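Written out below as structure tokens is the structure these notes cover.
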Amino acid sequence: MINTILNMSLFLFMIAIAISLFRVIKGPSLPDRAIALDTIGVNLISAIAIVSIVLKTKAFLEAILILGILSFIGTIAFSKYIERGVIVERKSAD
Amino acid sequence: MKVNDVILKTVVRMVVFIVLTFGMYLFFAGHNAPGGGFIGGLVLGSAIVLLYLTYDIETVHKGMPFDFKKVAALGVLLATGTAIGSLFFDAPFLTQTDGYFTIPILGEKHLSTVVLFEAGVALTVIGTLVTIILSISEDE
């Protein structure tokens, strides 16, 4: 019973990631792509958590943390590029 | 135009310490769990990159006045230094040793010279990562 539910949720996460990937490739504007990449990151974190429940292991917790950190940094870099056109500034603006 | 990024700066000021703590945990967990010098160095380097993203190069250099090319060179020197050190004890190149020591307050601990080698690897990774990111983000 519980295994069926977990496998079904993994399948649904796969569909969600595929839809977000479509938005990343097609996305008419850059903010669409940034939000779609962030959504893929969140879905991947959840899928890894489900996998670690299925396999009954704690070995993937570091992978979850690292994926969260990298997705956070990636979203910040993407949105800063959209907002200001430069990622690392030489001097503060004000 | 005055930029308004109070939320980003406040959040990053907290998050950087979490990321640095996690990086040090990964660095020391590498002996018998997932982790090690390379991954710990990557996480520590990404924390520094996060600081560079949120603030600017001048502000970060005021608090962290390192030339990251020299940090990478120091890391390579440290790693090869511990590798060469084994030659003085009639052991092959890169031989590492370990032992159990009793420390007054902490009790019996497992100490190993591979930590020094891993520290060199971590410093190399941090220096290379930050140098690459800062080089490709230059405008001119």
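Throughout, a chain's letter reflects where its sequence line sits, starting with A, and its residues are numbered from 1. Keep in mind it's a predicted model, so treat the numbers as computed, not measured.
Tracing side-chain contacts under 4.5 Å through hydrophobic residues (I, L, V, M, F, W, Y), one reaches L10(A) starting from L55(A); they form part of the same cluster. Hydrophobic clustering places V130(B) together with M24(B) (ILVMFWY residues linked when any side-chain heavy atoms are closer than 4.5 Å, directly or through intermediates). Note on I35(A) and I40(A): separate hydrophobic clusters, where clusters join Ile, Leu, Val, Met, Phe, Trp and Tyr whose side-chain heavy atoms are under 4.5 Å apart, directly or indirectly. Linking ILVMFWY side-chain heavy atoms closer than 4.5 Å, directly or via other members, places F27(B) and L111(B) in two distinct hydrophobic clusters. Cluster annotation: F101(B) is not connected to V114(B) through the hydrophobic network of ILVMFWY side chains, with a link wherever side-chain heavy atoms come within less than 4.5 Å.
Within 6.0 Å of atom CZ in F38(B), 12 or fewer heavy atoms from other residues, nucleotides or ligands are found, so the atom counts as exposed in its surroundings. When the shell of 6.0 Å around OH of Y100(B) is examined, it contains 12 or fewer heavy atoms from other residues, nucleotides or ligands. Enclosure of atom CG in D90(B) is not indicated, since only 12 or fewer non-hydrogen atoms of other residues, nucleotides or ligands lie within 6.0 angstrom. Dense packing is recorded around CD1 of I5(A), with more than 12 heavy atoms of other residues, nucleotides or ligands lying under 6.0 Å away.
Counting only heavy atoms from C-beta outward, the side chains of E62(A) and V43(B) never approach each other to under 4.5 Å. No side-chain heavy atom of I57(B) sits under 4.5 Å from any side-chain heavy atom of E89(A).
Within the 4.5 angstrom heavy-atom criterion, only side-chain atoms of I39(B), from C-beta onward, approach chain A. Interface residue I69(A): only side-chain heavy atoms are found under 4.5 Å from chain B. For Y25(B), the part lying under 4.5 angstrom from a heavy atom of chain A is the side chain only. Only the side chain of V12(B) comes within contact range of chain A, with at least one heavy atom under 4.5 Å from a heavy atom of that chain.
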Problem - side chain to side chain contact (heavy atoms under 4.5 Å, CB included) between V88(A) and Y55(B), intermediate numbers included - result: CA-CA 8 Å; V88(A) 178; Y55(B) 299 92; over 6 Å; no
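Taken from CD1 in I136(B) to CD1 in I87(A), the straight-line distance is 8.0 Å, to the nearest 0.5 Å. Interatomic distance, L26(B) CG to I66(A) CD1, rounded to the nearest 0.5 Å: 5.0 Å.
Among residues 45-54 of chain B, the residues having any heavy atom closer than 4.5 Å to a heavy atom of chain A are, in sequence order, S46(B), L50(B), Y52(B), L53(B), T54(B).
For the residue pair R90(A) and D56(B), the shortest heavy atom distance occurs at O-OD2, 3.7 Å.
Shown here are the side chain to side chain contact (heavy atoms under 4.5 Å, CB included) partners of I25(A), two or more places apart in sequence or in another chain: L21(A).
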